[in-house]
Amino acid sequence: MKELHFITHNAHKFEEATEIAKSHKILLKWIDIEYEEIQADDLDNIALASCKKLIQMKPELKNKHFFIEDAGLFIQSLDGFPGPYSAYIFQTLGNEGILNLMQSKDNRAAHFKSVIAFFANGKIKLFVGKTEGIITTEKRGDRGFGFDPIFLLADEALTFAEMSLTTKNLYSHRQKSLREMFTSLTAFENKKIFGE
Ligand code: ITT
């Protein structure tokens with residue numbers, strides 16, 4: 001089984017990613033570092049800049065194959081808010097705060113976006129995943145993390161917080177970016193990355 005390192009401070013993310021990695025015959029190793037995210041208005045730029053900053057801070061990472069992942073919730077009627085500010089807004093307003101902001105809104109469409117910055121052999125590559133849904137009118141479910149209790153999948157009757165990890169892993173923004181990365185590694189870069 002091949003090994004990759006996932007740098008995150010979020011245990012839920014690591015758990016989700018581990019299950020998907022296994023199905024691609026990849027063993028994920030957790031590096032638990034809480035890094036300060038660069039502030040920018042675009043998740044791609046944030047993931048890229050955070051990855052570069054991590055390498056500067058910890059030059060020993062240059063010898064590893066690792067990735068970070070940055071995600072955000074984008075609500076249409078709030079012009080994409082909280083988007084790149086999702087971590088801060090979750091800590092300050094929380095789900096209740098978002099539900100309050102949405103009280104008078106008829107358009108409840110939203111999407112989650114996940115951007116992975118993958119580093120190997122001196123290069124960084126981005127992988128993106130997106131999942132459409134709607135914002136509920138009340139919190140539902142106690143699984144998952146973050147905005148999961150208020151995010152209802154467009155074609156399903158369940159919020160992410162009402163799904164098992166395995167079911168969330170069929171639909172989530174994160175599984176899309178992860179699978180794209182794992183597939184691309186297996187298909188094109190196995191030789192270079194894993195020295196096979
Ligand atoms: P890292 O250490 O990997 O950065 P984090 O928890 O800070 O972990 P992000 O910056 O990627 O994660 O995510 C920002 C916020 O968006 C996060 O705190 C959650 O509240 C929310 N979020 C991200 N992915 C989510 C998901 O799958 N379900 C629900 N909320 C999510």
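Index from 1, following the sequence. When reading the values below, keep in mind they use all heavy atoms of this one structure, side chains included, and skip hydrogens, waters and symmetry mates.
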Are the side chains of [X] and [Y] in touch, meaning some heavy atoms are under 4.5 Å apart?
{"X": "His24", "Y": "Thr183", "result": "yes"}
{"X": "Asp142", "Y": "Pro149", "result": "no"}
{"X": "His111", "Y": "Glu132", "result": "yes"}
{"X": "Ile31", "Y": "Thr8", "result": "no"}
{"X": "Leu101", "Y": "Leu93", "result": "yes"}
{"X": "Ile116", "Y": "Ile68", "result": "no"}
{"X": "Leu165", "Y": "Glu19", "result": "yes"}
{"X": "Tyr171", "Y": "Met163", "result": "yes"}

Tell me whether [Y] is reachable from [X] by hopping between hydrophobic residues (I, L, V, M, F, W, Y) whose side-chain heavy atoms are closer than 4.5 Å.
{"X": "Ile26", "Y": "Ile7", "value": "no"}
{"X": "Ile33", "Y": "Ile124", "value": "yes"}
{"X": "Val115", "Y": "Phe14", "value": "no"}
{"X": "Phe182", "Y": "Val128", "value": "no"}
{"X": "Met102", "Y": "Phe112", "value": "yes"}

Residues forming a ring-ring contact (aromatic ring centres under 6.0 Å, His included) with Phe119, sequence neighbours excluded: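 Listed in chain order: Phe66.
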Just jot down the ring-ring contact (aromatic ring centres under 6.0 Å, His included) partners of Phe147, sequence neighbours excluded, or say none.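 Applying ring-ring contact (aromatic ring centres under 6.0 Å, His included) to Phe147 gives Phe90.
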Check side chain to side chain donor-acceptor pair (under 3.5 Å) between [X] and all other residues, then give those that pass, not counting sequence neighbours.
{"X": "Asn95", "result": "none"}
{"X": "Ser177", "result": "Ser114"}
{"X": "Ser104", "result": "none"}
{"X": "Thr131", "result": "Lys176"}

Side chain of Ser172, backbone of Gln175: donor and acceptor closer than 3.5 Å?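 Yes, the answer is positive, given that a donor and an acceptor are paired below the 3.5 Å cut-off.
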Using a 3.5 Å distance criterion without hydrogens, assess whether the side chain of Arg108 forms a donor-acceptor pair with backbone atoms of Thr136.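 Such a contact is found between Arg108 side chain and Thr136 backbone.
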Measuring from [X]:[atom1] to [Y]:[atom2], what's the distance to the nearest 0.5 Å?
{"X": "Thr159", "Y": "Leu153", "atom1": "OG1", "atom2": "CG", "value": "9.5 Å"}
{"X": "Leu43", "Y": "Leu126", "atom1": "CG", "atom2": "CG", "value": "10.5 Å"}
{"X": "Leu99", "Y": "Thr137", "atom1": "CG", "atom2": "OG1", "value": "7.5 Å"}
{"X": "Leu178", "Y": "Glu69", "atom1": "CG", "atom2": "CD", "value": "6.5 Å"}
{"X": "Glu180", "Y": "Lys125", "atom1": "CD", "atom2": "NZ", "value": "8.5 Å"}
{"X": "Ile20", "Y": "Lys22", "atom1": "CD1", "atom2": "NZ", "value": "12.0 Å"}

With sequence neighbours excluded, residues passing salt bridge (charged side-chain N to carboxylate O under 4.0 Å, His left out) with Lys29: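 Expected list: Glu3.
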Taking only residues two or more places apart in sequence, or in another chain, which ones meet Glu162 in a salt bridge (charged side-chain N to carboxylate O under 4.0 Å, His left out)?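 Salt bridge (charged side-chain N to carboxylate O under 4.0 Å, His left out) list for Glu162, sorted by chain: Arg140.
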With a cutoff of under 4.5 Å between side-chain heavy atoms, which Ile, Leu, Val, Met, Phe, Trp and Tyr residues group with Leu152?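 Besides Leu152, the cluster holds Ile134.
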Quick one: sort the Phe118 and His65 rings into parallel, tilted or perpendicular, breaks at 30° and 60°.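 Rings of Phe118 and His65: tilted, 30 to 60°.
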If the plane angle is over 60° it's perpendicular, under 30° parallel, otherwise tilted; pick one for Phe6 and Phe67.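 Rings of Phe6 and Phe67: parallel, as their planes differ by under 30°.
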For a quick test of your reading: what N or O donor-acceptor pairs under 3.5 Å do the side chains of residues 44-57 make, sequence neighbours left out?
from: Asp44; atom 1: OD1; to: Lys113; atom 2: NZ; distance (Å): 2.9
from: Ser50; atom 1: OG; to: Ile46; atom 2: O; distance (Å): 2.8

Contacts of type side chain to side chain contact (heavy atoms under 4.5 Å, CB included), residue Phe145, not counting sequence neighbours: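 Phe145: side chain to side chain contact (heavy atoms under 4.5 Å, CB included) contacts with Asn10, His12, Lys13, Glu16, Asp148, Lys168, Arg174.
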Step by step, work out the side chain to side chain contact (heavy atoms under 4.5 Å, CB included) result for Leu158 and Thr167. CA-CA 10 Å; Leu158 300 177; Thr167 309; 5.5 Å; no
Tell me the closest heavy-atom pair linking Arg179 and Ser23, and the distance in Å.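 Shortest heavy-atom contact: NH1-OG, 3.6 Å.
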Could you pull out every donor-acceptor pair under 3.5 Å between side chains of residues 72-79 and any protein atom, sequence neighbours left out?
from: Gln76; atom 1: OE1; to: Asn107; atom 2: ND2; distance (Å): 2.9
from: Ser77; atom 1: OG; to: Asn107; atom 2: O; distance (Å): 3.2

Worked verdict on Trp30 versus Glu15 for side chain to side chain contact (heavy atoms under 4.5 Å, CB included): CA-CA 10 Å; Trp30 186 5; Glu15 213 188 335; over 6 Å; no
Just wondering, more than 12 heavy atoms not from Glu60 lying within 6.0 Å of its CD?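 Count over threshold, so yes.
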